[in-house]
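Residue numbers begin at 1 in each chain, while the letters A, B, ... track the order of the sequences. Values reported hereafter were calculated over all heavy atoms of this structure, with side chains retained and with hydrogens, waters and symmetry mates removed.
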Amino acid sequence: MCGRFTLRVSPALLAEMFALHRKPEFVPQTNICPTQLVLGVVLNQENGLRDARLFRWGLIPHWAKDPVIGASLINARSETISTKPAFRAAFQRRRCLIPADGFYEWRNTPGQKKKQPIWIAIRNQPVFGFASLWETWTSADGSELNTCTIITTQANSAVAPIHQRMPVILPEAFHEHWLDPLADPAELLTLLRPFPSEGIVLSTTVADELLASHGLPRQRTLFD
DNA sequence: CCAGACGTTGTT
DNA sequence: GTCTGG
DNA sequence: CCAGACGTTGTT
DNA sequence: GTCTGG
């Protein structure tokens, strides 16, 4: 799955790598959590340009009465995304890319009391995009909330020893297809596969280094 | 027909 | 909103 | 994902 | 142990 990730690149690089209309405003982060605001790249249907927008991580279906459901919909299984009521509308009409430069999976070692976080990145890719969906939810008082979810797939052989599943990382060559509002759903589903194992980089120590390099306090939630 | 669910993950 | 179960 | 909380009663 | 909140 994918329950935490990092995004530390400059807005300028992000704009370049995702062909954004303009530079997004965001602060580099090394511990992005569910229910926080995350950056999502969408295709603006008005002008055909790519925009980066903020979404609350945890998709709330438009029909939900209680928005608390979003906290559990931080991931969507690629295998069932086109049929599940919570996701199929978003899959048809509201696809996006969530930029990241790494993500965490927790390894549960038998005999060890605590799970160990492993930081996972892609070789030679300073930033990449998670295949994602977004929704707009309207509350009883009429206020709107834009939310998103990250699509998961079976772990590749590099990640499998740590965890059974992993987020879908779309190679840059697939970005345009994924964001195309007229794309054929059946073809889109073929894009949702595990990233090639050869490109995977794992680290047990980088997380602490990342925090230090940004002068951020060590985060008890992850590393103690 | 209406009522109620609608999701993921890990763990057992 | 739309499907499933009763 | 992890961290942190984890309650009852009667009344409207 | 399990749910909620971030």
Participant: Quick check on the 6.0 Å ring-centre criterion: do A:Phe195 and A:Phe128 meet it?
Facilitator: no
Participant: Is any side-chain N or O of A:Arg165 closer than 4.0 Å to OP1 or OP2 of B:dT9?
Facilitator: yes
Participant: For A:Phe87, answer base if it contacts any base atom (sugar-phosphate contacts may also be present), sugar-phosphate if it contacts only those atoms, and nothing otherwise; contact means non-hydrogen atoms under 4.0 Å.
Facilitator: sugar-phosphate
Participant: Calculate the interatomic distance between A:Asp66 atom CG and E:dT4 atom P; express it in whole Å.
Facilitator: 9 Å
Participant: Which value, in whole Å, describes the distance between the P atoms of nucleotides B:dA3 and E:dG6?
Facilitator: 34 Å
Participant: Starting at NZ of A:Lys65 and ending at P of B:dA3, how long is that distance when rounded to a whole Å?
Facilitator: 11 Å
Participant: So do A:Leu14 and A:Leu39 actually touch side chain to side chain, heavy atoms under 4.5 Å?
Facilitator: yes
Participant: Dump the intermediate steps for side-chain contact (heavy atoms from CB on, under 4.5 Å) on A:Leu189 and A:Phe91, then the final yes or no.
Facilitator: CA-CA 10 Å; A:Leu189 288 177; A:Phe91 172 62; 3.6 Å; yes
Participant: What's A:Leu59 touching, base or sugar-phosphate or nothing? Going by heavy atoms closer than 4.0 Å.
Facilitator: nothing
Participant: Could you please name the option among B:dT8, D:dC1, B:dC6 that lies closest to any side-chain atom of A:Pro85?
Facilitator: B:dC6
Participant: What's the CZ-C1' distance between A:Arg107 and B:dT9, to the nearest Å?
Facilitator: 19 Å
Participant: Would you indicate whether A:Asn124, at its atom CG, is surrounded by more than 12 heavy atoms from other residues, nucleotides or ligands within a distance under 6.0 Å?
Facilitator: no
Participant: Side chains of A:Trp119 and A:Thr6: any donor to acceptor distance under 3.5 Å?
Facilitator: yes
Participant: Choosing from B:dC6, B:dT11, E:dG5, which nucleotide comes nearest the side chain of A:Asn108?
Facilitator: B:dT11
Participant: Counting only side-chain N and O atoms of A:Asn31, is one of them less than 4.0 Å from OP1 or OP2 of D:dC1?
Facilitator: no
Participant: Among A:His62, A:Arg94, A:Arg93, exactly one meets side chain to side chain donor-acceptor pair (under 3.5 Å) together with A:Glu135. Which residue is that?
Facilitator: A:Arg94
Participant: Is there a Watson-Crick or G-U wobble partner for D:dG4 with both distances under 3.5 Å, and which nucleotide is it?
Facilitator: E:dC3
Participant: Kindly point out which of E:dG5, B:dT11, B:dT9 is positioned nearest to the side chain of A:Val68?
Facilitator: E:dG5
Participant: Rounded to whole Å, please give me the gap between CD1 in A:Ile69 and P in B:dG4.
Facilitator: 17 Å
Participant: Between P on E:dG6 and CZ on A:Phe5, what's the gap in Å once rounded to a whole number?
Facilitator: 19 Å
Participant: CG of A:Leu133 versus C1' of B:dT8: gap in Å, rounded?
Facilitator: 14 Å
Participant: At under 4.0 Å between heavy atoms, what does A:Thr149 touch on the DNA or RNA strands: base, sugar-phosphate, or nothing?
Facilitator: nothing
Participant: For A:Arg56, report the nucleic acid contact type (base, sugar-phosphate, nothing); a contact means any heavy atom under 4.0 Å.
Facilitator: nothing
Participant: A:Thr35 has a side chain; which of E:dG5, C:dG1, E:dG6 sits nearest to it?
Facilitator: E:dG6
Participant: Would you indicate, yes or no, if B:dT8 has its OP1 or OP2 atom less than 4.0 angstrom from a side-chain nitrogen or oxygen of A:Thr152?
Facilitator: no
Participant: If you check every side-chain atom of A:His62, which of C:dG1, D:dC1, E:dG5 has the closest atom?
Facilitator: C:dG1
Participant: Can you tell me, in whole Å, how much space there is between the P of E:dT4 and that of D:dT8?
Facilitator: 14 Å
Participant: Quick check on B:dT9: is either OP1 or OP2 less than 4.0 Å from any side-chain nitrogen or oxygen of A:Arg77?
Facilitator: yes
Participant: Of the nucleotides E:dG6, C:dC3, B:dT11, which one has an atom closest to the side chain of A:Arg88?
Facilitator: C:dC3
Participant: Taking the side chain as C-beta and beyond, is there a heavy-atom pair between A:Leu188 and A:Ser82 under 4.5 Å?
Facilitator: no
Participant: Considering every strand and a 4.0 Å limit on heavy-atom distances, what is the contact class for A:Pro61: base, sugar-phosphate, or nothing?
Facilitator: nothing
Participant: Return no unless some side-chain N or O of A:Trp63 is found under 4.0 Å from OP1 or OP2 of C:dT2.
Facilitator: no
Participant: Starting from C1' on B:dT8, measure out to CZ on A:Phe130 and report it in whole angstrom.
Facilitator: 16 Å
Participant: Measuring only the P atom in each nucleotide, how far is B:dC6 from D:dC6? A whole number of Å is fine.
Facilitator: 27 Å
Participant: Look at the side-chain N and O atoms of A:Thr80 and state whether any lies under 4.0 Å from the OP1 or OP2 oxygen of B:dT8.
Facilitator: yes
Participant: Let me know the distance between CH2 of A:Trp106 and C1' of D:dC2, rounded to the nearest Å.
Facilitator: 7 Å
Participant: When the C1' atoms of D:dC2 and B:dT9 are compared, how many Å lie between them, rounded to an integer?
Facilitator: 13 Å
